[in-house]
Protein chains: 2
Amino acid sequence: MKPTIYDVAREAGVSIATVSKVLNNNGRISDKTRKKVHLIMEQLNYQPSMVASALTSQRTGTIGLMIPDIANPFFAEAARFFEDYAQQAGSDLIICSTDRDDEKAARYISLLQRKRVDGLIIASHVGNPELIHRLLENKVPTVLFSADVRLLDCNSITVDDYKGGYIATEYLLALGHRRLGIISDNLPGSRYREQGFLDALEAHGVSLDHPDHMVQTSATLENGRKVAHRMLGEEGGQRPTAIFACNDLLAIGVLQEAREAGLNVPEDLSVIGFDNTMLADICHPSLSSIAQPLRDMTEQAMQLLNESIDDPEATKRKISLPPELVIRNSTSKALE
Amino acid sequence: MKPTIYDVAREAGVSIATVSKVLNNNGRISDKTRKKVHLIMEQLNYQPSMVASALTSQRTGTIGLMIPDIANPFFAEAARFFEDYAQQAGSDLIICSTDRDDEKAARYISLLQRKRVDGLIIASHVGNPELIHRLLENKVPTVLFSADVRLLDCNSITVDDYKGGYIATEYLLALGHRRLGIISDNLPGSRYREQGFLDALEAHGVSLDHPDHMVQTSATLENGRKVAHRMLGEEGGQRPTAIFACNDLLAIGVLQEAREAGLNVPEDLSVIGFDNTMLADICHPSLSSIAQPLRDMTEQAMQLLNESIDDPEATKRKISLPPELVIRNSTSKALE
DNA sequence: GTGAAAGCGCTAACAC
DNA sequence: GTGTTAGCGCTTTCAC
């Protein structure tokens, strides 16, 4: 069996309380016994059980990260930041891919609670706000990430989606484009991006050419292609000269479909994405995109979470961070 | 406070032993009390503490997944499979990105042991075999994934790297290429891919044109570009007409650099990658690649791990699975 | 069928 | 400075 604190205490000729104290570096312990205990721990290859300490201390040192899919680069990148920040705080992460399925989410939430995680980061849209609501009732430290539930009094970190949509659109307008299309996915955040798009158009006196130039779909490469196929299939005069896709995957679908249709990007069609994932650098042409400030967002999320762990009654905060336009090679001036 | 098994027992008018039994669905319990207990659990919103049960049962229901970087698509995709298979077994995953840094790896290994995870999947090359060795000594259920340590008697799942290198090369030779280049990274697995490459060349009576056509570097996009820049910079007659990159990221670097150099892929240069990540579909032209059978590999890894958890003394096994050639648009016949 | 009681390996209050 | 002891919330014999 693995050595326990009792084994260490016996071998060192002290009590378990003493061992516990040197372990946690608290209480007054003489240098001599400290050294002695350390030595014995070394010899026995003692590895204190965090499950036992969690039982008493009520801290597991693990936090749950709920995301739609860890295989999705945006969330994988976010997870990496979370992992690093968690580690700084001495914690680690349990990864939960929900596939945006509320049942899966509910199962994971329940599991995480039974595991007594110290807190939850929910970076996956949860359709049923009741799930979050229950978490809050149970006083489980929680922060919503990149997906807020406005009506709920909860912590959240988001990028300013509205502004993101607005600046993407303004940029395209500044390039001289007047026939714009938008492909967004069916999440709340994307509604704000859409609204930013529409308001930017209006502010510049431009109107949406055709209702079909604004479509919602779930965010996959394949769907990006499908929608683009329809949008670009129209006869020359009608087709948009620039498309704003509400995430990079959709945008890359557009890129691929444009090529299929014999259009050159950016000469014949400008495309801009959202999220600024590593994919934007890998596709061709490289993709202009609205960046979410992931590093900042994750850092602030972890900070909020930690505050919430330290004081579960702390006032909830909703923090929104500004997006940033990253220009690459998929956008250019509109032809006259 | 959260309700405990005592609260449930009291409200239901039974003992905690009984509650425990209905919880775990074992022992003989009358339907009546079972119902009653379930009802009370519902009413109290009872969430049994897995940390307490872990303390007695010696099972935490969590496994540690060590990878180089969760933000790397290959490992993110693998993690997703692991997560799904773990879930089927009622477990979840703690993600540990090591950045291939042995110190980080050591810290994580220690942490995971203190957390008393049920097992470890190590999908990150660990330079110091001593780390793994100690794990084995401690009888921690462990399986190495996509990275073996031959000399160690441990479980491992790998793709047949040698064969992967061989079939990639054979394929290029079959297309008529005679001046081949290879870019590999500096991991043990890649050594086998290289050997497959060399043996395939030899078997077909082709020799490596130039020592500079075989280079090792760490596997990043940037390094792929750098190496390609040198390889393709040579005067026409000397430059390879096909390059085998030992992973997709390197291959995509080659693609980008080829474009930079005014070369058309695949007309002027064929490129084949390894891993067949989602990136292969996203870059342009889409990338031919040697696929690791990730789904199979992860499934078998989880199975090995579970066996090892059930019987830590079980005989260790090393399983190697066949790679598969996936042809896309980055490879074509050599020009005459 | 059900319950009493002894752990599991720690922490923390308190006594000395 | 160090030790005693009572939990933390479960599981699991073993009686009854």
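Quick caveat: nothing in here was measured; it's all calculated off a predicted structure. Convention: sequence-line order gives letters A, B, ...; per-chain numbering from 1. Just so it is clear, the values below take in all heavy atoms, side chains as well, and ignore hydrogens, waters and symmetry mates.
- A salt bridge links A:Asp92 with B:Lys115; the closest basic N to acidic carboxylate O contact falls under 4.0 Å.
- Within the model, atoms SG of A:Cys154 and NZ of A:Lys316 stand 9.0 Å from one another, a figure rounded to the nearest 0.5 Å.
- Protein atom CG of A:Asn26 is 10 Å distant from nucleotide atom P of C:dA13, rounded to whole Å.
- Between A:Lys2 atom NZ and C:dG7 atom P the separation is 22 Å, expressed in whole Å.
- The base of C:dG1 has none of its N or O atoms less than 3.5 Å from a complementary donor or acceptor on the side chain of B:Lys32.
- Judged purely by distance below 3.5 Å, without hydrogens or angles, the side chains of A:Thr158 and A:Asp148 never pair a donor atom with an acceptor atom.
- Residue A:Thr33 places none of its side-chain N or O atoms closer than 4.0 Å to OP1 or OP2 of D:dG1.
- Place B:Thr18 and A:Leu23 on DNA chain C by their nearest nucleotides, and B:Thr18 ends up nearer the 5' end.
- To the nearest angstrom, C1' of C:dG1 lies 11 Å from CZ of B:Arg34.
- In this model, the phosphate group of D:dT11 is not approached by any side-chain N or O of B:Ser57 to a distance below 4.0 Å at OP1 or OP2.
- Each of B:Ile29 and A:Asn24 lies near DNA chain C, and the nucleotide nearest B:Ile29 is the one positioned closer to the 5' end.
- If you check D:dC8, D:dC10, D:dC14 against the side chain of A:Gln58, the one that comes closest is D:dC8.
- Backbone-only engagement by A:Val14 is indicated by non-hydrogen atom pairs under 4.0 Å involving sugar-phosphate atoms exclusively.
- Comparing atom distances between the B:Thr56 side chain and each of C:dG3, D:dT11, C:dC10 picks out D:dT11 as nearest.
- Looking at B:Ser124 and B:Thr98, their side chains do bring a donor and an acceptor atom within 3.5 Å of each other.
- Defined by atom type and a distance below 3.5 Å, a donor-acceptor pair is missing between the side-chain atoms of A:Asp185 and A:Ser218.
- In this structure, the CG atom of A:Leu55 is 6 Å from the C1' atom of D:dG9, given to the nearest Å.
- The base of C:dC8 lies outside donor-acceptor range of the side chain of A:Tyr6, with no N or O pair under 3.5 Å.
- The side chain of B:Ser30 lies closest to C:dT2, out of C:dT2, C:dG7, C:dC10.
- Between C:dG3 and B:Ser15, a contact under 4.0 Å exists linking OP1 or OP2 to a side-chain N or O.
- If A:Ala17 and A:Arg28 are placed on DNA chain D by their nearest nucleotide, the residue sitting closer to the 5' end is A:Arg28.
- In this structure, A:Arg114 places its CZ atom 15 Å from C1' of D:dG9, rounding to the nearest Å.
- In this structure, the CE atom of A:Met50 is 12 Å from the C1' atom of C:dC10, given to the nearest Å.
- When the C1' atom of C:dC10 is taken as reference, atom NZ of B:Lys115 falls 15 Å away, rounded to whole Å.
- When the C1' atom of C:dG7 is taken as reference, atom CE of A:Met1 falls 12 Å away, rounded to whole Å.
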